[in-house]
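Predicted model only: the values in this text are computed from it and were never measured. Just so we're on the same page: letters track the sequence lines, and every chain starts at 1.
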Amino acid sequence: MNREVRVRFAPSPTGALHIGGVRTALYNYLFARKNGGKFILRIEDTDSQRFVAGAEAYIVEALAWCGIEVDEGVSVGGPHAPYRQSERRDIYLKYAQELIEKGYAYYAFDTSEELDAVRAEYENRGDTFSYNAKIRETLKTSLTMPADEVKRRLCEENHWVVRFKMPADEDITMNDIVRGEVTVNSSTLDDKVLYKAVDKLPTYHLANIVDDYLMDISHVIRGEEWLPSLPLHVMLYRAFGWSDKMPLFAHLPLLLKPSGKGKLSKRDGDKLGFPVFPLEWNAEDGTISHGYREDGYLPEAFVNMIALLGWNPGTDQEILSMSDLINLFSLDKVGKSGSRFDPEKAKWFNASYLKQTPSKELAVSFEKVLKERGIDAPFEKITSICEIVKDRATFINDFWDLSCYFFEAPKEYDQKVVAKFYKGDNIERVAAAAGVLEAIEDFSAENIKEVLHGWIVSHEYPMGQVMNTLRLAIVGTNAGADLAEIMSIIGKQETIDRIRAIERCIKI
RNA sequence: GGUCCGUUCGUCUAGGGGUUAGGACGCAAGAUUUUCAUUCUUGUAACACGAGUUCGAUUCUCGUACGGACUACCA
């Protein structure tokens, strides 16, 4: 019971990691940190066919961006290295053979084509084919062949596999931290392939159990899609005699598409109107999928949002930092049902984090955006602008659109606003305002506001009319920050220039 | 088809034998503001269905429906 907590995230490098995978990694990480344990990153690349170059580097980078630190694994090494299964291929065969010696597994010599034919035959009869206790006796296996024939084929052929000998009729009872007790009868299960001679690689099931055992994994936290394989995995632990070292299992509910059917998958790319990947992903076929990072999400907001999909702290608090998450995390607060991802709430999280990010930090990012546009502004000014803009933005990417009037005079005026305000007495009043502003010595927002308001009030002008017309001249429309603040930031001369410019540009 | 898992507002969820079923996003209205936002207030909206157990079920049990996963020499 005092076992050290050791959890692993074990993705397959078949492409980008989607948000469901990130969430699995995150829960593993939170659980490890919460319990003073280790978080291990293992790459399960036992399928040479589906291997995608760059996928592993993507996974490592994505975890780093999220702030998920790897204690042991492909990127950092560790006492159980290597952490890439393709580099561990030598260890698996002897475990497969051990199972055969103990009578828990056997060699099967059917070719894929033969199997396909048998499968088709069953289906034509309306039966479902399952490589199980009933029919393995009729197939080409070490169970049905003479020993010397088996030996000969093992030497001469390279398409044999090792299959697990699933008991014909046995109730297998398992315990899942999220779902409780689950019982399945072995008659509904088939003889899964554990090892393939063709590429001298184990399948997921064998590699997974052997590595978890060898790496002393204490808890397996993974997606619900693995629940159907749990009986096999439990049987494997028993067959190896490792029951006392068997990890505890927690199967996480799946992430569903926001609309329509099914679980979220990599193939959804960004057809759904929001990114499914943490980072931008350039697929081999040339398609580029959006990433949260590139779309302007703050990693803290992304992690916060992902964490709350299928788990909650049991309180009303929703804005949670990584350390909050670590402190509060517990597997028994993980829900049982799948969650639909809500892009709107994701935006809300980002906007919330943007508001609480210090303006100086935002200014560093925004300065780069401005430089790309050829705008060179003092850092102080950029910081002040960020302070104003962050309350109105959802993403850093929005900052330019929301603050361009600080950097350049309006190129055009919103026609609706012109029609509403740029008429009658307003035209003369605004022109007069330029003179009033000109006379202000201390061009601070407070001072501008005081003088301007005093002037409007003393002449009994309608406040809304004058101010909105002035805003039209300065901003080009009826939106944006406090007008006095804008004037103060752009400066007296620019303010006056813009007021004079509107007279020239708009002819009534 | 078979096996397994699940089902509280549109979405994420809290709760749990007797509650005005709570919060958040969204949406709507109002307040504040010279504008747009922010902020604040209010409103909107849910226990899938049918039996059973019980004095009483949204909560427990069983069915039904619906949803999901798995059913490869993929993970």
| remark: The residue among A/D190, A/D110, A/D191 that forms side-chain hydrogen bond (donor to acceptor under 3.5 Å, both in side chains) with A/Y131 is A/D110
For [N], the Watson-Crick or wobble counterpart (both distances under 3.5 Å):
N      : result
B/rC36 : none
B/rU19 : none
B/rG67 : B/rC5
B/rC27 : B/rG43
B/rU58 : none

Rounded to the nearest Å, what distance is computed from the [atom1] atom of residue [X] to the [atom2] atom of nucleotide [N]?
X      : N      : atom1 : atom2 : value
A/L115 : B/rC74 : CG    : P     : 12 Å
A/D176 : B/rC5  : CG    : C1'   : 10 Å
A/K192 : B/rC70 : NZ    : C1'   : 9 Å

| task | Could you tell me how the ring of A/Y297 sits relative to the ring of A/F395: parallel (under 30°), tilted (30 to 60°) or perpendicular (over 60°)? | result | perpendicular
Can you tell me which nucleotide in [options] comes closest to the side chain of [X]?
X      : options                : result
A/V184 : B/rU3, B/rC5, B/rC74   : B/rU3
A/E344 : B/rU38, B/rA75, B/rC25 : B/rC25
A/L227 : B/rU35, B/rC74, B/rC4  : B/rC4
A/V182 : B/rU34, B/rC5, B/rC73  : B/rC5
A/V198 : B/rC73, B/rG68, B/rC12 : B/rC73
A/N468 : B/rU34, B/rA69, B/rA75 : B/rU34
A/E44  : B/rA75, B/rG6, B/rU13  : B/rA75
A/Y204 : B/rA24, B/rA75, B/rU34 : B/rA75
A/D482 : B/rU34, B/rA75, B/rC73 : B/rU34
A/R340 : B/rC5, B/rU11, B/rU38  : B/rU11

| request: Test for a donor-acceptor pair under 3.5 Å between the base of B/rC5 and the side chain of A/R179, counting only N and O atoms. | output: no
| message | Over all strands shown, is A/H159 touching base, sugar-phosphate only, or nothing at heavy-atom distances under 4.0 angstrom? | response |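 Base, at least one base atom sits under 4.0 Å.
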| request: May I ask you to say what A/L309 touches in the nucleic acid, namely base, sugar-phosphate or nothing, with a heavy-atom cut-off under 4.0 Å? | output: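 Counting heavy atoms under 4.0 Å across all strands, the contact made by A/L309 is with sugar-phosphate only.
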| query | For A/K416, does the NZ atom have more than 12 heavy-atom neighbours from other residues, nucleotides or ligands under 6.0 Å away? | reply | no
| remark: What one should report as the nearest heavy-atom pair of A/S142 and A/V150 is CA-CG2, 3.6 Å
| query | Which residue, A/R392, A/K449, A/R471, forms the salt bridge (charged side-chain N to carboxylate O under 4.0 Å, His left out) with A/D482? | reply |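 Result: among A/R392, A/K449, A/R471, A/K449 is the only option passing the salt bridge (charged side-chain N to carboxylate O under 4.0 Å, His left out) with A/D482.
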Using atom [atom1] of each nucleotide, how far apart are [N] and [M] to the nearest Å?
N      : M      : atom1 : answer
B/rU8  : B/rG15 : P     : 14 Å
B/rU32 : B/rA48 : C1'   : 43 Å
B/rU13 : B/rG2  : C1'   : 33 Å

| Are A/F341 and A/F274 an aromatic pair by the rule of ring centers under 6.0 Å? |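 So the answer is yes for these two rings.
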